[in-house]
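Within every chain, numbering begins at 1; the chains are lettered A, B, ... in the order of the sequence lines, protein sequences first and strands thereafter.
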Amino acid sequence: MSTTVKKATWAIDPIHSTIRFDAKYLLITSVSGWFREYEGTVVSSTDGFNNSEIQLTIYVQSLTTSNEERDNHLRSPDFFDAKKYPVIQFQSNAVTMQEKKITVSGILSVKNIEHPFQFTATFLGMCTDPLGNAKAAFEMDTVLNRKDFNITWNQLFDKNGLLLSDEVKVHCDLQLLKLS
Amino acid sequence: MSQVKWTLDPMHSEITFKVKHLMISTVTGQFRTFNVVAETASEDFSKPGAIDVTIDVSSIDTNNEQRDGHLKSDDFFSAANHNQITFKSTKFEANGEEAKLSGNLTIKGVTKPVVLNVEQGGVVVDPYGQTKAGFTVTGKVSRKEFGLTYSAVTEAGNVVIGDDIKFQGEIQLVKQAS
């Protein structure tokens with residue numbers, strides 16, 4: 001006997017979401033950037049996000065760090081090589097939710113290099129927006145090593161300091177819009 | 001006693017703010033154009049003199065043109081009439097790597113005293129031979145106290161846009177040649 005689980009489909013609302021990355025520059029402060037364009041969906045059951053499927057595509061060209069020269073350097077083969085690898089993608093293979101904590105495992109693909117990627121996110125609540133749409137909010141923080149994805153550019157300064165950190169902090173504030 | 005003057009490195013500095021949306025989400029924005037000048041008695045920022053910040057309101061960027069336009073309008077900042085946010089320091093109390101920076105913040109023509117938290121990142125020499133000082137500055141204000149009172153509530157009573165605005169500055173200053 002098969003049981004059909006009723007599904008709900010959600011889209012990431014980019015107007016009320018942020019995908020941000022931070023790297024240390026000169027060891028003394030962080031420089032951050034956002035991706036302006038991305039799309040993602042979450043297919044969940046109708047009674048919660050346990051066992052959901054998450055898919056995210058980020059358009060690398062859309063990165064911004066508030067400085068055109070740096071943005072172009074990041075898009076270049078020194079870093080993301082956006083012409084050759086225009087998207088960053090994530091596909092989940094396991095999602096578990098316990099109370100407000102969500103554990104996600106999946107594959108992250110940057111510059112066509114696939115790496116298993118696991119992170120935890122926090123469920124912040126649901127509500128109905130002024131237009132009558134159901135919305136759900138999540139936030140997550142994680143640290144990636146850019147060398148895992150062949151983004152290795154660096155410079156030395158002041159004898160032994162590395163100009164740019166290998167570790168990149170990623171922070172996402174995600175607001176999902178229920179489509180069905 | 002000669003003062004050491006510092007100016008902003010805009011390429012490695014940023015001012016970010018966050019506000020709650022629908023009480024559950026956080027919307028983030030930045031001011032892309034701003035300036036900071038500082039004077040210190042020595043190179044180590046242990047006893048800074050004046051610290052002046054000027055922010056260009058029309059440089060606001062929340063990754064959505066329509067929302068940015070709304071924020072610049074009279075509903076919020078009224079940028080046509082008040083295009084600058086300014087901060088002028090009055091006191092700096094250092095406690096090791098952490099400090100409290102007190103000063104007067106002016107938004108939309110309203111001035112109020114605020115206290116900001118400062119984490120000192122250190123002073124280093126960059127690949128171009130410049131002496132750089134780095135700081136992380138954080139604070140929180142109530143937007144309604146500065147006349148940004150636009151309000152909306154959903155049918156269920158969720159406040160659409162929060163009152164508390166948290167902000168963070170990652171600031172790198174360059175020492176000027178004396």
Side-chain angles (χ1 to χ4, degrees), chain A residues 13-20 22-38 62 64-71 122-139 154-164 171-177, chain B residues 9-16 18-34 59 61-68 119-137 152-161 168-174:
Chain A
D13 172 5
I15 298 176
H16 300 105
S17 301
T18 305
I19 297 182
R20 181 182 156 126
D22 279 69
K24 271 258 188 289
Y25 175 81
L26 279 184
L27 305 175
I28 57 175
T29 58
S30 289
V31 172
S32 73
W34 308 336
F35 288 102
R36 290 197 187 276
E37 284 163 40
Y38 47 90
S62 78
T64 173
T65 66
S66 239
N67 180 272
E68 218 179 291
E69 198 186 298
R70 175 169 51 222
D71 292 349
T122 306
F123 174 60
L124 300 170
M126 272 178 55
C127 77
T128 307
D129 77 6
L131 299 169
N133 298 309
K135 291 285 190 75
F138 300 85
E139 70 177 354
N154 222 328
Q155 258 189 280
L156 282 173
F157 76 97
D158 212 1
K159 290 165 213 165
N160 280 318
L162 281 173
L163 195 68
L164 196 57
H171 176 84
C172 297
D173 289 306
L174 298 174
Q175 196 182 88
L176 305 186
L177 162 70
Chain B
D9 172 6
M11 193 171 173
H12 300 106
S13 302
E14 53 196 54
I15 295 182
T16 307
K18 293 180 193 242
V19 65
K20 279 262 185 272
H21 177 254
L22 293 176
M23 293 166 70
I24 55 172
S25 286
T26 297
V27 171
T28 303
Q30 292 193 328
F31 288 103
R32 299 285 185 194
T33 306
F34 59 93
S59 75
D61 181 353
T62 65
N63 200 29
N64 182 266
E65 237 177 83
Q66 195 183 53
R67 175 168 54 215
D68 293 346
E119 258 175 60
Q120 304 200 57
V123 180
V124 297
V125 178
D126 77 3
Y128 313 102
Q130 300 179 111
T131 301
K132 304 288 263 324
F135 306 89
T136 302
V137 183
V153 178
T154 66
E155 262 180 45
N158 282 54
V159 173
V160 179
I161 304 167
Q168 175 158 324
E170 292 285 314
I171 307 292
Q172 272 195 20
L173 300 179
V174 187

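Two residues are said to be in side-chain contact when any heavy atoms from C-beta on lie closer than 4.5 Å; B:H12 and A:L26 fail this criterion. Side-chain contact between B:R32 and A:T64 is present, with at least one heavy-atom pair separated by less than 4.5 Å. Inter-residue side-chain proximity for B:P127 and A:L163 is flagged as met; some heavy-atom pair is nearer than 4.5 Å. With contacts defined as side-chain heavy-atom distances shorter than 4.5 Å, the pair A:K135/B:S25 does not qualify. Proximity of B:I24 to A:H16: side-chain heavy atoms (C-beta onward) are nowhere separated by under 4.5 Å. A:N67 places none of its side-chain heavy atoms less than 4.5 Å from the side chain of B:P10. You'll find the side chain of A:I15 stays beyond 4.5 Å of the side chain of B:Q66, heavy atoms only.
Residue B:T33: no heavy atom, backbone or side chain, is found under 4.5 Å from chain A. Of the two parts of B:T136, neither the backbone nor the side chain holds a non-hydrogen atom closer than 4.5 Å to a non-hydrogen atom of chain A. When heavy atoms are compared at a cutoff of 4.5 Å, B:D126 approaches chain A by way of both its backbone and its side chain. Both the backbone and the side chain of B:V125 come within less than 4.5 Å of a heavy atom of chain A. For A:D129, the parts lying under 4.5 angstrom from a heavy atom of chain B are both the backbone and the side chain. For chain A, the nearby part of B:A133 is the backbone; its heavy atoms alone come within less than 4.5 Å.
Between chain A and the options B:N64, B:N63, B:V27, the largest number of non-hydrogen pairs under 4.5 Å is found for B:N63. Heavy-atom pairs under 4.5 Å with chain B were tallied for A:S66, A:P130, A:A136; the largest tally goes to A:S66. Considering only heavy-atom pairs separated by less than 4.5 Å from chain A, the leading option among B:V160, B:D61, B:N158, B:T154 is B:D61. Options B:K18, B:K132, B:E155, B:Q30 differ in how many heavy-atom pairs under 4.5 Å they form with chain A, and the most are formed by B:Q30. When each of A:T65, A:D173, A:L174, A:T128 is scored by its heavy-atom pairs under 4.5 Å with chain B, the top score falls to A:D173.
Between B:E14 and A:R20, at least one side-chain nitrogen of the basic residue sits less than 4.0 Å from a carboxylate oxygen of the acidic one, meeting the salt-bridge criterion.
When only modelled atom types and interatomic distance are considered, A:S32 and B:E170 share no side-chain donor-acceptor pair under 3.5 Å.
Contact detail for A:I28 and B:G134: the closest heavy-atom pair is CD1-N, 3.6 Å. The minimum heavy-atom distance linking A:Q175 with B:H21 is given by the pair NE2-ND1, 2.9 Å.
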